[in-house]
Amino acid sequence: MTKMASLQPIRGTHDLLPDEMRAHRHVVGTARRIVELYGYEEIATPIFEFSQVFQRTLGEASDIVTKEMYSFADKGGDLITLRPENTAGVARCFISEGLAQQVPVRFFYAGPMFRHERPQKGRQRQFHQIGVELIGLAQPEADVEVIAAGVRVLDALGVLGKTVLEINTLGDHESRESYRQALVAYFGEHTAGLSEDSRTRLSRNPLRILDSKDEGDRRIVADAPLFADYLNPASVAFFDRVTAGLETLGIAFAPNPRLVRGLDYYSHTAFEFTTTALGAQGTVLAGGRYDGLIKMMGGSDTPGVGWAAGVERLAMLCGTAPAARRPVALVPVGAAAEAEAVKLAERLRASGLRVDLAYSGNLGRRMKRANRIAASASILIGDDELSRGAATVRNMDSGTQEEVALPSLEEFLAQYR
RNA sequence: GUGGCAUUAGCUCAGGUGGUUAGAGCACCAGAUUGUGGAUCUGGGGGUCGCCGGUUCAAGUCCGGUAUGCCACCCCA
């Protein structure tokens, strides 16, 4: 590897410098604060798991498993995968930690995910997600709660108005299987007219064909069997209760019969908050119900519902990051004052102030620095002030300044905290 | 993984048909202003023109490859 090549970040990864990091913290912190009101507790699961955790749960034929996983053998020969999403990890955690005793559990998480995809705006190989999982409730009210929490998070971030909530039902396992068979039969008779992509989908995930953008596919899809005709009464009743619950809460939604999910573990409710403001990567928060997942992984038969949201996408939608907290600048003049300033800086920090102390430069340079870092006030200490046991405090917005006795500095500076 | 477009200073970008020491704005540094920042003016530092190779007397400019970004597809947060 050449020196230059090694200095590039790995494709699809990004450094988060302070401005962007603050934007991320705003998104994550806002979500954490909101979902806590619903009783969600934050947890963290490892960013890698045995590959089986993802292979078995996401579906052997899913795109994530077939081409997007970062997998490797570790030194012990175990097959390891960097998590491409976190629901499987949380489900594994639920089983490993014996949490079936405590249902229902409400979890919130935030952290990096990894998918080996071709990068684009809003799509990176290492990206960050926040998400919630509500495990152990089979009632449709749980779906409504989870969606409502998503709405509140988007609203608190000021982006709800830029999104549309699309919702659909995938039915229970029985409904889904009979519909799947009907689709395979129908599309099987029209393979000649299907796009190459859709012919592949026919064996892997025929529901995907419904969502195809190919014009020829769309003509065939227009006459395809409707999912509504294959939903059993229980599935219909479940979905009705979800939509009724949303209406009760005044949550606007757009039914989208063609909304499907790429991951095998979903059933019943599927939903996505989409936006047209981010180009092709329009999904900012999405999720659904995954009643079969935990049993499939070897746990007890435990239902679950949740969502995940992309931190980068939400941050982009939010626009500018919140400003950093403004510091006060300590500006000593002369050796005696510099020595005093080091001690004073510690004192002021102990009182909760953010304090910047430059270690070199004359008064003019230090004032320029204070200005550059957007200090709210500068505290000037020279021989004059020192002899009087005081400091000159300059308000950097108004330019006014006054002398303050050193012992009462904390009290005076409280307005800048 | 497929196709298209891009890559020149820290950032945003100029650089007809190849032709002497590659430019601008912003940012940065210094001075005007040696106890007072922001504005203005003056000056300054900073570029292996993504990388490798080819064509040519001569390549930032043309060709090939490669890396990365962006756009679309695929799929998803």
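Residue numbers begin at 1 in each chain, while the letters A, B, ... track the order of the sequences.
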> What distance, rounded to whole Å, do you find between the two C1' atoms, one in B:G47 and one in B:U21?
Replying inline: 14 Å

> Within this structure, what is the CZ-to-P distance between A:Phe127 and B:C75, rounded to whole angstrom?
Replying inline: 17 Å

> Distance only, no hydrogens: is a donor on one side chain within 3.5 Å (strictly under) of an acceptor on the other, for A:Gln126 and A:Thr13?
Replying inline: no

Do any N or O atoms of the protein come closer than 3.5 Å to N or O atoms of nucleotides 66-70 of chain B, and which pairs are they?
| from | atom 1 | to | atom 2 | distance (Å) |
| --- | --- | --- | --- | --- |
| B:A67 | O2' | A:Gln8 | OE1 | 3.1 |
| B:G69 | OP1 | A:Gly12 | N | 2.8 |
| B:G69 | OP2 | A:Arg11 | NE | 2.9 |

> Between A:Arg123 and A:Glu68, is there a salt bridge with N-O shorter than 4.0 Å?
Replying inline: no

> With a 4.0 Å cut-off, would you call A:Arg33 and A:Glu36 a salt bridge?
Replying inline: no

> Given atom CG of A:Leu259 and atom C1' of B:A77, what is their separation to the nearest angstrom?
Replying inline: 14 Å

>> Taking the P atom in each of B:A27 and B:U40, what is the distance between them to the nearest angstrom?
In response: 8 Å

> Whole Å only: how far is the CD1 atom of A:Ile209 from the C1' atom of B:C75?
Replying inline: 15 Å

> Across the strands shown, which category fits A:Val333 at heavy-atom distances under 4.0 angstrom: base, sugar-phosphate, nothing?
Replying inline: nothing

> Just how far, in rounded Å, is P of B:C75 from CZ of A:Arg115?
Replying inline: 14 Å

> Just how far is it from atom CD of A:Gln52 to atom CE of A:Met297, taken to the nearest 0.5 Å?
Replying inline: 10.0 Å

> Which of parallel (below 30°), tilted (30 to 60°) and perpendicular (above 60°) describes A:Phe271 and A:Phe273?
Replying inline: perpendicular

> C1' atom, B:G46 versus B:A22: distance in rounded Å?
Replying inline: 14 Å

>> Does A:Glu117 reach a base, just sugar-phosphate, or nothing at all? Heavy atoms under 4.0 Å.
In response: base

> For A:Met69 and B:C75, what is the distance between atoms CE and C1' respectively, to the nearest whole Å?
Replying inline: 15 Å

> Given Watson-Crick or G-U pairs with both distances under 3.5 Å, what dot-bracket string fits RNA chain B, with | for other-strand pairs and [ ] for crossing?
Replying inline: (((((((..((((.....[...)))).(((((.......))))).....(((((..]....))))))))))))....

>> With rounding to the closest Å, how many angstrom separate the P atoms on B:U8 and B:A14?
In response: 10 Å

> Separation of A:Asp383 atom CG from B:U34 atom P, in whole Å?
Replying inline: 18 Å

> Looking at A:Arg83 and A:Glu49, does any basic side-chain N land under 4.0 Å from a carboxylate oxygen?
Replying inline: no

> Which residues satisfy the ring pair (Phe, Tyr, Trp, His ring centres under 6.0 Å) test with A:Phe227, sequence neighbours excluded?
Replying inline: A:Tyr179

> Can you give one letter per nucleotide of nucleotides 36-41 of chain B, going 5' to 3': B for a protein heavy atom under 4.0 Å from the base, S for sugar-phosphate only, - for none?
Replying inline: BBB---

> Do the side-chain N and O atoms of A:Glu133 and A:Tyr290 include a donor-acceptor pair separated by under 3.5 angstrom?
Replying inline: yes

>> Please report the distance separating the C1' of B:C49 from the corresponding atom of B:C62, rounded so that it comes out in whole Å.
In response: 16 Å

> What integer number of Å spans the P atoms of B:U55 and B:G64?
Replying inline: 15 Å

>> Going by the rule ring pair (Phe, Tyr, Trp, His ring centres under 6.0 Å), which residues pair with A:Phe412 if we only count those two or more places apart in sequence or in a different chain?
In response: none

>> Nearest heavy atom decides the nucleotide; on that basis, is A:Gly310 or A:Leu278 closer to the 5' end of RNA chain B?
In response: A:Leu278

> With sequence neighbours left out, what residues match A:Ala341 under side chain to side chain contact (heavy atoms under 4.5 Å, CB included)?
Replying inline: A:Leu330, A:Pro332, A:Leu357

> Does any N or O in the side chain of A:Thr275 come within less than 3.5 Å of the main-chain N or O of A:Lys162, such that one atom is a donor and the other an acceptor?
Replying inline: yes

> A:Phe271 CZ to B:A77 P: how many Å, rounded?
Replying inline: 11 Å

> Rounded to the nearest Å, what distance is computed from the CD atom of residue A:Gln129 to the C1' atom of nucleotide B:C75?
Replying inline: 14 Å

>> Using atom C1' in both nucleotides, what's the gap between B:U61 and B:A6 to the nearest angstrom?
In response: 15 Å

> For atom C1', what is the distance between B:G54 and B:G18, given to the nearest Å?
Replying inline: 15 Å

>> Under a plain distance cut-off of 3.5 Å, with no hydrogens placed, do A:Ser235 and A:Asp172 share a side-chain donor-acceptor pair?
In response: yes

>> Could you tell me if A:Thr283 and A:Glu272 have a donor-acceptor pair between their side chains, going purely by distance under 3.5 Å?
In response: yes

